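All remarks here apply to the structure that follows.
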Amino acid sequence: MDTQNTILQIDHLKTRFKVGKKTVYAVNDVNLSVARGHVQGIVGESGCGKSVTMRTVLQLLSPNAYIAGGDILFAPEPGGDAIDLAKMDRYGEEMRAIRGQKIAMIFQNPMASLNPVYTIGSQIMENLLLHEKVDKEEAKKRIINLLAELGIPEPEQRYNEYPHQFSGGMKQRVMIAIAMICNPGLLIADEPTTALDVTIQAQILRLMLELREHHGTSVIIVTHNMGIIAEYCDDVAVMYMGRVVESGTVRQIFQNPQHPYTRALVRCVPVPGMPKTNDLETISGSTPDASIAFDHCEFEPRCKFATEACRKGFPQAVECEPGHMVSCFARGGQS
Amino acid sequence: MAEEQSKHLLEIKDVKKYFPVTRPGIMKKTIGYVHAVDGVNLYIDEGETLGIVGESGCGKTTLGKCVVHLYDPTEGEISFRDDGGSMKDLSKLGSRENMEMKRKIQMVFQDPYSAMNPMKYIWTAFDEALKIHGVKERKERYRIASEMMEAVNLRPDYLYRYPHEFSGGQLQRICIARCLALNPKLIVCDEPVSALDVSVQAQILNLMRRLQKEYSLTYIFIAHDISVVEYMSTRIAVMYLGKIVETATGENFSTKCMHPYAQALMSAIPIPVPDAKKDEVVLSGDVPSPIRPPKGCRFHPRCRYCTERCKTEEPELVPVDESGTHLVACHYVREMLQNRLQTAKKEDSNAGQQDETSAV
Ligand SMILES: Nc1ncnc2c1ncn2[C@@H]1O[C@H](COP(=O)(O)OP(=O)(O)O)[C@@H](O)[C@H]1O
Ligand SMILES: Nc1ncnc2c1ncn2[C@@H]1O[C@H](COP(=O)(O)OP(=O)(O)O)[C@@H](O)[C@H]1O
Ligand code: SF4
Ligand SMILES: [Mg+2]
Ligand SMILES: [Mg+2]
């Protein structure tokens, strides 16, 4: 792995859940490489395994979940060594040192992640003191500076206030403050704005671009919104049923989509100014049950281009132009 | 003017809907009002789709519920054209007429699961609705229900299934079918695709457009995604804190809108086109509380053009084009129009010069 330019590389990752006698095949074969200092988008319809993939990176998994294979190579320093997060004990010392300090994560619902009985200042302080030895005065100064940088007005006063005194957008800023206080190299944002209004969403997403600018943070944005991908990301990975089926730069994916699923995704959303006489492209059927293991391409039942090969195995990724990977038999893939 | 008015299917005049805010305790004392809808004027022509956009809490759903008569407006009048062609105030109808009007105006909700009884076959939803509206024979009710299921591309035997057996997209199609069964003229669609995945969203939007043609329907289409609203609507209204701040035809709405809020909203909505050229208007702050909406122009605390006048005097909706269909509520709309004309002229003359130089 080229740790100079890559901060995170996921290879053949599989994560499963045991639910009674059933197995849920949530992540089936995820291959993904996140470039250092880039904003990486991950897009796909609900249930395709975006959140589970990201939680696996930090091993923030429920007890019935297990990693069935694969590597998660993380390189905190450019040019330095990469460590395999998938091989770490999820409750161990090493993993705790990475979680919240080197890699931070924010979630869709900021209300659920904040403790209502503590001031927001003390909640940010908690994460800082967990990872760094700083005296309290120094820590408080750093927190107030960060709150100001994140656009929270009157930060000295807000420091002593409780979550319920913050609006939804302001709560999400507090979550970003908790995530950013140790200056992590990688920030994972799982649908960070889905619960917010669009004008607030724009504020939060622009804030993430600023963090990248000022601190060099690499950012992963998980979303189901193609607009957010087009407007805020550099690179994008498209997921379907626990697999990355296509990845590349945002321009490559929007202007030259190769996988039939990506093509449909790009064309089924209306864009301003499109002729109203055209029907939107649709995908027939719906996503299959994740508790049934596939022995061939998961998209085959809904695919217009499926051939005999598609019913026999899984297509491996091929590079169709530099940096643009696609996994599809109809696009030159082989099993 | 008289000729134009005869096209209106629905008219909304100065409609207000306030919800009392009570102090908790035994003595429920009203301590204020949520000004959910606060003086809305709109009309809808037959066969058109009126899109309503705005952020959550601005009163879109409340307005929709007033239109379908689920709420009585606190003030104002909503009138609907009857078969004879005259406008009837919905709040002043006799009970028979009232039932008839209720049948003609239907609503589709954002969450189809909460619109259906989870304990009953979906057939029951059709059966009850048709019974209320006077279809006496069971056989006839079943025939209509089956026909409507087919119209939304579902098998009639699905009628004997429970809501949870369907995906969100399928159940939304069933909700649409139930509306259609009553043979309505107007359907208020309240964020019908917001909870759905994009590929399913496309199926529903295509279906709604086809049904509109087949059954001569008029839609009010409420959403917060401007790309979707622009694609669906013949005319668009932008709402902010209980008021309409701008309306215009749907063609290129996102580039031609003029109200500072409408522009900021358009700029905030991400568009699925990489490198799309957009004016960057970042709005600071949150939407103020509708319990005590700001004085003057409601948008003034967040507006970058705000002056003293905006803080005290409320702007009216005024026409900015010759046809009078493009209305904007902002004190400085004339100046903005002037600016836009000047920029357009400059671009024209620049283009002209380039033409000349290339000709030489
Ligand atoms: N704790 C869990 N137990 C069992 N199945 C789960 C659990 N969490 C997620 N899943 C399943 O894993 C699959 C992927 O889910 P998720 O990653 O949350 O999807 P996305 O974030 O793309 O919407 C889904 O089928 C989901 O039902
Ligand atoms: N039944 C109700 N009782 C009290 N307040 C309400 C009620 N319904 C809506 N509201 C309030 O009215 C305002 C407008 O709500 P709504 O019409 O649902 O907005 P939108 O659909 O645009 O999100 C909000 O502030 C909301 O909290
Ligand atoms: S009236 Fe004033 S405050 Fe309101 S939108 Fe226009 S310029 Fe802004
Ligand atoms: Mg998720
Ligand atoms: Mg609503």
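Per chain, numbering begins at 1; letters A, B, ... match sequence-line order. As the structure is a computational prediction, the values presented were derived from the model and not from experiment.
For A/E45, the parts lying under 4.5 angstrom from a heavy atom of chain B are both the backbone and the side chain. The contact between A/N225 and chain B is made entirely by side chain atoms (from C-beta outward), counting heavy-atom distances below 4.5 Å. When heavy atoms are compared at a cutoff of 4.5 Å, A/L265 approaches chain B solely by way of its side chain, counted from C-beta outward. B/S56 touches chain A through backbone and side chain together, each having a heavy atom under 4.5 Å away. A/P275 touches chain B through its backbone: at least one of N, CA, C or O sits under 4.5 Å from a heavy atom, while the side chain does not. If you measure heavy-atom distances from B/L205 to chain A, the contacts under 4.5 Å come from the side chain alone. When heavy atoms are compared at a cutoff of 4.5 Å, B/S233 approaches chain A solely by way of its backbone atoms N, CA, C and O. Interface remark: A/T277 contributes backbone atoms only to the contact with chain B (heavy atom separation under 4.5 Å).
Annotation: maximal heavy-atom pairing with chain A below 4.5 Å, among B/V287, B/N252, B/V273, B/L265, occurs at B/V273. Looking only at heavy-atom pairs under 4.5 Å with chain B, the residue among A/V198, A/I283, A/V250, A/T199 that has the most is A/T199.
The closest donor-acceptor contact from the side chain of B/R209 to the backbone of A/K276 lies under 3.5 Å. At distances below 3.5 Å, not a single donor-acceptor pair connects side-chain atoms of B/Q201 with backbone N or O atoms of A/V269. With A/E231 contributing its side chain and B/I271 its backbone, the two residues share a donor-acceptor pair below 3.5 Å.
In this structure, B/E214 places its CD atom where more than 12 heavy-atom neighbours from other residues, nucleotides or ligands lie under 6.0 Å away. A 6.0 Å sphere centred on CZ of A/R251 holds no more than 12 heavy atoms belonging to other residues, nucleotides or ligands. Sparse packing is recorded around CZ of B/R292, with 12 or fewer heavy atoms of other residues, nucleotides or ligands lying under 6.0 Å away.
Put simply, the side chain of B/M266 does not reach to within 4.5 Å of the side chain of A/P272, judged on heavy atoms. Under the 4.5 Å side-chain criterion, counting only non-hydrogen atoms from C-beta, B/V228 is in contact with A/P270.
Checked options B/V200, B/V198, B/D197, B/N206; the residue passing with A/C268 is B/V198 (criterion: side-chain contact (heavy atoms from CB on, under 4.5 Å)).
In plain terms, the two heavy atoms of A/F254 and B/P274 that are nearest each other are CB-CG, 3.4 Å. The two residues B/R302 and A/I200 have their closest heavy-atom pair at NH2-CD1, 4.3 Å.
Rounding to the nearest 0.5 angstrom, the gap separating the OG1 atom in A/T282 from the CD1 atom in B/I204 is 11.0 Å.
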